[in-house]
Trainee: 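Below is the structure I would like to discuss, written out as structure tokens.
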There are 2 protein chains.
Amino acid sequence: MKHLTSLRYIEAVARSGSIRQAAETLAITSTALNRRILAMEEDLGVPIFERLPRGVRLSAAGEILIHHIRTQISDMERVKSQIADLSGERRGHIAIACSQALLPHFLPEQIAVYRGAHSAVTFEVLLRDRDAAERALVDMTADLALVFEPVRMAEFEVLLTVRQPVHVVMTRHHPLAGHRTLRLRDCLAHPVALPTEAYGVRHLLEAAVRRTSLNLRPVVESDSFEFLRFQALSEDILTFQIPIGLPEPGQWPHMVSLPLDERDVPPGILYFGQLKGRTLPVAAARFAQQLQERFTERFDCV
Amino acid sequence: MKHLTSLRYIEAVARSGSIRQAAETLAITSTALNRRILAMEEDLGVPIFERLPRGVRLSAAGEILIHHIRTQISDMERVKSQIADLSGERRGHIAIACSQALLPHFLPEQIAVYRGAHSAVTFEVLLRDRDAAERALVDMTADLALVFEPVRMAEFEVLLTVRQPVHVVMTRHHPLAGHRTLRLRDCLAHPVALPTEAYGVRHLLEAAVRRTSLNLRPVVESDSFEFLRFQALSEDILTFQIPIGLPEPGQWPHMVSLPLDERDVPPGILYFGQLKGRTLPVAAARFAQQLQERFTERFDCV
DNA sequence: CGTGATGGTGCAATTTTTGCAGCGGTGGGA
DNA sequence: TCCCACCGCTGCAAAAATTGCACCATCACG
């Protein structure tokens with residue numbers, strides 16, 4: 001899209017904070033880039049960037065402009081995909097920002113299903129915490145986001161919320177494996193492996209024990225849910241995860257997962273959303289629709 | 001705005017239906033224009049226009065694109081006005097499509113008030129019937145619209161509706177001038193001057209008499225409300241108008257206006273609105289706000 | 001008190017855009 | 001039926017714009 005060149009250049013500068021660096025990544029000279037910026041500032045009658053000794057920073061006007069530019073670029077993508085849609089095949093690119101729990105099973109499966117029907121659509125899955133995910137929506141690095149619990153809802157438009165009770169994961173031979181649901185105090189009587197503080201599950205557990213006389217004393221901590229499962233398997237201890245991150249029961253012969261009693265630990269809430277007010281490209285909109293259907297089929301949604 | 005040139009060119013072609021004609025109005029050669037179109041079609045991979053023997057017409061893809069182009073252009077205007085707003089003075093241009101009744105008093109007064117505060121803002125007032133007004137919103141010839149009664153609400157976002165009871169206009173010496181409200185049958189016992197079928201007031205009256213045994217027998221018809229008032233004055237007959245089109249009582253020594261009884265003729269409804277989903281430029285948004293305030297102060301609004 | 005990074009500028013090379021002249025095609029009116 | 005006016009499109013040369021190179025001034029940092 002020829003007419004967006006200047007806008008893309010400016011976006012790159014805003015992103016990197018330096019004309020020369022941006023020029024590097026854009027594979028042009030800083031001269032050309034600098035001149036495009038000056039030309040745009042001339043057009044607007046106002047500087048877009050503040051010149052600092054170590055680079056540039058968006059001015060107030062630049063902030064307004066950059067938001068407009070990002071919308072323009074993404075809108076043009078949407079229009080192109082809508083037009084491509086007219087001639088049959090759906091094309092496009094979908095970027096999703098999500099937390100780790102979605103990566104191992106749910107998303108790959110859903111993407112496979114979607115790509116089965118529309119193989120010209122490409123995907124980009126970005127691991128982001130809640131804050132980074134929302135920023136990705138704002139700068140349109142991502143079309144959709146799937147994050148846990150507290151989002152600064154300012155720019156986040158919730159498409160669906162999914163209740164995810166915390167599950168206890170263990171081998172089939174663990175003493176607790178026979179129960180239907182588990183109380184927190186019973187679990188903490190056994191050695192446990194926990195995710196690090198950065199994760200929502202850990203937060204929920206911390207909040208829960210704070211209301212009791214219990215103590216979380218993990219024998220292993222990790223920021224990888226996969227590692228925690230292997231640890232639980234090999235050492236026959238407990239770990240905690242949410243259902244969406246777990247394999248389907250059939251694909252998981254040696255282990256079981258049981259829900260924690262909700263009186264002890266409230267369920268985590270998974271938020272599925274997009275940038276407020278944005279019209280998604282066709283492909284992303286349809287994929288979002290597919291996700292919503294699968295969510296409501298398989299989980300407890302609101 | 002340099003980077004919008006191609007888009008503006010294409011918009012002009014879509015509007016005029018001919019490359020050569022559009023080139024004429026754009027003061028460039030048809031060659032240059034043609035080549036820009038071909039380049040854009042190359043970019044999109046799809047023709048924007050169908051080539052007909054007597055010109056061009058938008059293809060399906062072109063329809064999608066042209067909508068995008070119009071929003072892009074108007075968005076850029078909005079951004080520019082937002083940026084100008086940062087540095088104090090409000091600039092911008094406001095285009096309003098409205099029916100005749102607004103032209104003589106209400107709009108000039110409101111525009112004068114607004115321009116008193118923001119003299120760098122320019123206005124454009126377009127006389128349009130309900131259908132043309134909505135089309136003007138869609139192709140962004142107009143930012144705001146003020147129209148009567150039935151709108152194909154598809155793309156019309158109502159900001160406010162104003163009840164406008166039909167008034168009877170006459171000289172101070174007319175036999176009916178003493179009443180507080182008037183019944184339709186009393187009015188029709190006297191000679192009347194009416195607007196033509198094209199106007200909402202006439203519609204309301206026609207609909208009213210259809211439910212009775214009365215007959216509308218205008219001695220004068222006109223499509224000019226101003227003419228009708230002068231006619232009523234010089235010949236001492238009745239005419240019908242809505243309050244927003246009438247001068248303030250003080251500025252109007254020889255005539256009076258009395259509401260028709262609403263049991264006979266339902267009030268007309270004035271719709272104030274914009275294009276659905278569009279974010280207006282600052283200037284237009286603030287002017288819309290001013291209008292809403294005046295409307296609610298002076299008339300019966302919903 | 002250098003040193004290395006930053007943004008900005010003059011000038012020439014290069015690329016892109018434009019205008020002119022002309023082609024082939026189509027449809028309405030004499 | 002035959003023009004003729006109008007349409008979109010193209011080759012080529014002129015004009016305009018963008019770009020790259022070399023270089024400058026500035027400022028933070030060691």
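None of these values were measured; they are calculated from a predicted model. Labels below follow one simple rule: chain letters A, B, ... track the order of the sequence lines, proteins then strands, and each chain is numbered from 1.
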Trainee: Between R35(A), R51(A), R36(A), which is the residue that forms a salt bridge (charged side-chain N to carboxylate O under 4.0 Å, His left out) with E41(A)?
Mentor: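 Answer to the salt bridge (charged side-chain N to carboxylate O under 4.0 Å, His left out) test with E41(A) among R35(A), R51(A), R36(A): R51(A).
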
Trainee: Any chance CD of E226(A) has more than 12 other-residue heavy atoms, nucleotides or ligands included, within less than 6.0 Å?
Mentor: no

Trainee: Give every residue pair that meets the salt bridge (charged side-chain N to carboxylate O under 4.0 Å, His left out) criterion with at least one member in residues 275-287 of chain A, sequence neighbours excluded.
Mentor: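 Qualifying pairs, neighbours excluded: D143(A)-R278(A).
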
Trainee: Find the distance E24(B):CD to dC6(D):P and express it as a whole number of Å.
Mentor: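 E24(B) atom CD is separated from dC6(D) atom P by 11 Å.
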
Trainee: What pairs of nitrogen or oxygen atoms, one from the protein and one from nucleotides 7-10 of chain C, lie under 3.5 Å apart?
Mentor:
residue, atom, partner, partner atom, Å
dG7(C), OP1, I19(A), N, 2.5
dG7(C), OP2, R20(A), N, 3.1
dG7(C), O3', R51(A), NE, 3.4
dG7(C), N7, R20(A), NH1, 2.3
dG7(C), O6, R20(A), NH1, 3.2
dG8(C), OP1, R51(A), NE, 2.6
dG8(C), OP1, R51(A), NH2, 3.1
dG8(C), OP2, N34(A), OD1, 2.4
dG10(C), N7, R35(A), NH2, 3.2
dG10(C), O6, R35(A), NH2, 3.2

Trainee: Could you give the CZ-to-P distance, from R36(A) to dT16(C), as a whole number of Å?
Mentor: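 To the nearest whole Å, that distance equals 11 Å.
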
Trainee: Do NZ/NE/NH1/NH2 and the carboxylate oxygens of D43(B) and K80(A) come within less than 4.0 Å?
Mentor: no

Trainee: Counting heavy atoms from C-beta on, name the nucleotide in dG19(C), dT17(C), dA17(D) closest to the side chain of A32(B).
Mentor: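 Looking only at side-chain atoms, A32(B) lies closest to dG19(C).
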
Trainee: What are the two closest non-hydrogen atoms of L228(B) and P195(B), and how far apart are they?
Mentor: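 Heavy atoms only, the tightest pair is CD1-N, 3.5 Å.
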
Trainee: Between dT18(C) atom P and L33(B) atom CG, what is the distance in whole Å?
Mentor: 9 Å

Trainee: Can you measure E42(A) atom CD to dA17(D) atom P for me and round it to whole angstrom units?
Mentor: 13 Å

Trainee: Whole Å only: how far is the CD1 atom of I28(A) from the C1' atom of dC21(D)?
Mentor: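 Answer to the nearest Å: 15 Å.
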
Trainee: Check whether any side-chain N or O of K2(A) sits under 4.0 Å from OP1 or OP2 of dT15(C), and answer yes or no.
Mentor: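 So the side chain of K2(A) is outside the cut-off, no N or O lying under 4.0 Å from OP1 or OP2 of dT15(C).
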
Trainee: Between R128(B) and E134(B) (salt bridge meaning N to carboxylate O under 4.0 Å), is one present in this structure?
Mentor: no

Trainee: Would you kindly give the CD1-to-P distance between I48(B) and dG8(D), to the nearest whole Å?
Mentor: 14 Å

